[in-house]
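First the structure, in the form of structure tokens, and then the observations on it.
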Amino acid sequence: MADWTDAEKSTISAVWGQVDINEVGPLALGRVLIVYPWTQRYFGSFGDVSTAAAIMGNPKVAAHGKVVCGALDKAVKNMGNILATYKSLSETHANKLFVDPENFRVLADVLTIVIAAKFGAAFTPEIQATWQKFMKVVVAAMSSRYF
Amino acid sequence: MSLTAKDKSVVKAFWGKVSGKADVVGAEALGRMLTAYPQTKTYFSHWADLSPGSDPVKKHGSTIMGAIGNAVGVIDELVGGLSALSDLHAFKLRVDPGNFKILSHNILVTLAIHFPRDFTPEVHIAVDKFLAALSAALADKYR
């Protein structure tokens, strides 16, 4: 779907290698649910999401954050083949979960912000550019089976 | 999505912390936008150097953050308060308003980097709403 230089591939691996999914996943998903509250529509069975504190303390939100973030691992390990890697996940989100693909863009942006906060100045503009290219391809692949 | 009284007070309080570093934040946000979203460079073809940290980027980043700081001061009346800037962007600069969202994202990334403890989810939502309202006010005169 996209061409990756060796430098880009190693940047993505290096960034991902320093991301603790168990920490970043819950932070990112929680932040999405707080900053874009309409996204809570998908999580009716998760219990109390009525306040920011409830969301950040909700164990189901945390668990799901780990699942979602964990799925990014597949893309990092298959950068040459992201479209095929996410074919069935895209179909599931389109046809079973009925998730608006706009949410993939939203999550990608919030994840970028959470990672930036963790890395600080080490998340340079150049690293951000490569990371955002990677996010763009992941989002496109996750959106690819929506007809 | 209009700004509530709480949104406005969160933005004002946070901006109090940001204003000391406004120039740095502005320059960095602009540099990040030009690097991570290269299509935005089309508006700056008259600059010799578009790299992060270059003189034109630092100067213009400072201009932008100054204007955003002023907008915090007129947060109750953004459309009126930004009327002249809207004229400028609509008729002279003719920047596609889609780019306001892109710059806003890069401002959020920069704020998260420089204020990791203060840029909580509650601050994030208020600032995101404010930048969206600001962008709408900036686009007000476009057509």
Side-chain angles (χ1 to χ4, degrees), chain A residues 7-8 11-12 15 23-24 26-40 49-58 61-62 65 102 105-137 139, chain B residues 1 3-4 6-7 10-11 14 21 24-41 49-54 57-58 61 98 100-132:
Chain A
E8 284 171 330
T11 295
I12 296 302
V15 169
E23 188 198 2
V24 165
L27 284 177
L29 184 61
R31 202 169 266 250
V32 167
L33 293 171
I34 292 166
V35 177
Y36 304 97
W38 52 91
T39 57
Q40 292 165 22
V49 291
S50 58
T51 64
I55 288 168
M56 291 320 253
N58 185 312
V61 170
E102 182 60 26
R105 268 169 281 286
V106 167
L107 177 59
D109 279 351
V110 170
L111 182 59
T112 302
I113 287 168
V114 168
I115 286 176
K118 278 232 66 142
F119 281 46
F123 194 63
T124 63
E126 293 74 20
I127 289 176
Q128 181 190 345
T130 302
W131 177 258
Q132 303 241 201
K133 178 181 170 182
F134 174 65
M135 289 285 92
K136 204 168 163 191
V137 173
V139 167
Chain B
M1 294 180 231
L3 298 171
T4 63
K6 182 175 175 210
D7 291 329
V10 169
V11 168
F14 182 66
K21 267 179 129 179
V24 167
V25 170
E28 191 178 319
L30 187 58
R32 284 178 181 280
M33 183 186 80
L34 294 166
T35 308
Y37 298 86
Q39 69 272 24
T40 59
K41 292 196 280 191
D49 187 353
L50 285 152
S51 55
S54 72
V57 169
K58 275 161 62 176
F100 302 151
K101 203 166 181 195
I102 295 176
L103 179 57
S104 296
H105 170 68
N106 283 284
I107 290 172
L108 296 178
V109 168
T110 306
L111 290 173
I113 286 173
H114 286 270
F115 302 94
R117 275 166 306 281
D118 295 305
F119 195 63
T120 60
E122 291 91 333
V123 168
H124 182 160
I125 184 176
V127 175
D128 193 38
K129 284 179 75 176
F130 167 64
L131 291 175

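Lettering follows sequence order; numbering is per chain, from 1.
Looking only at heavy-atom pairs under 4.5 Å with chain A, the residue among B/Ala36, B/Pro121, B/Gly31 that has the most is B/Pro121. The candidate from A/Ala52, A/Ala122, A/Ala117 with the greatest count of non-hydrogen atom pairs under 4.5 Å with chain B is A/Ala117.
Here CD of A/Gln132 is found 9.5 Å from CZ of B/Arg32. Values are rounded to the nearest 0.5 Å. Note that CG of B/Asp128 is 7.5 Å distant from CD1 of A/Ile113, once rounded to the nearest 0.5 Å.
Both the backbone and the side chain of A/Glu126 come within contact range of chain B, judged by heavy atoms closer than 4.5 Å. Neither the backbone nor the side chain of A/Thr130 comes within less than 4.5 Å of any heavy atom in chain B. Contacts between B/Phe115 and chain A at a heavy-atom distance below 4.5 Å are absent for every atom of the residue. Neither the backbone nor the side chain of B/Met33 comes within less than 4.5 Å of any heavy atom in chain A.
A/Ala116 and B/Ile113 get closest at one heavy-atom pair: O-CG1, 3.4 Å. Looking at every heavy atom in both residues, A/Arg31 comes nearest to B/Thr120 through NH2-C, 3.6 Å. The two residues B/Thr35 and A/Pro125 come nearest to each other via the heavy atoms CG2-O, 3.6 Å.
No more than 12 heavy atoms of other residues, nucleotides or ligands lie within 6.0 Å of NZ in A/Lys118, so this atom counts as exposed by the packing criterion.
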For this session: Kindly indicate, with the supporting measurements, whether the criterion side-chain contact (heavy atoms from CB on, under 4.5 Å) is fulfilled by B/His124 and A/Ile34.
Result: CA-CA 9 Å; B/His124 182 160; A/Ile34 292 166; over 6 Å; no

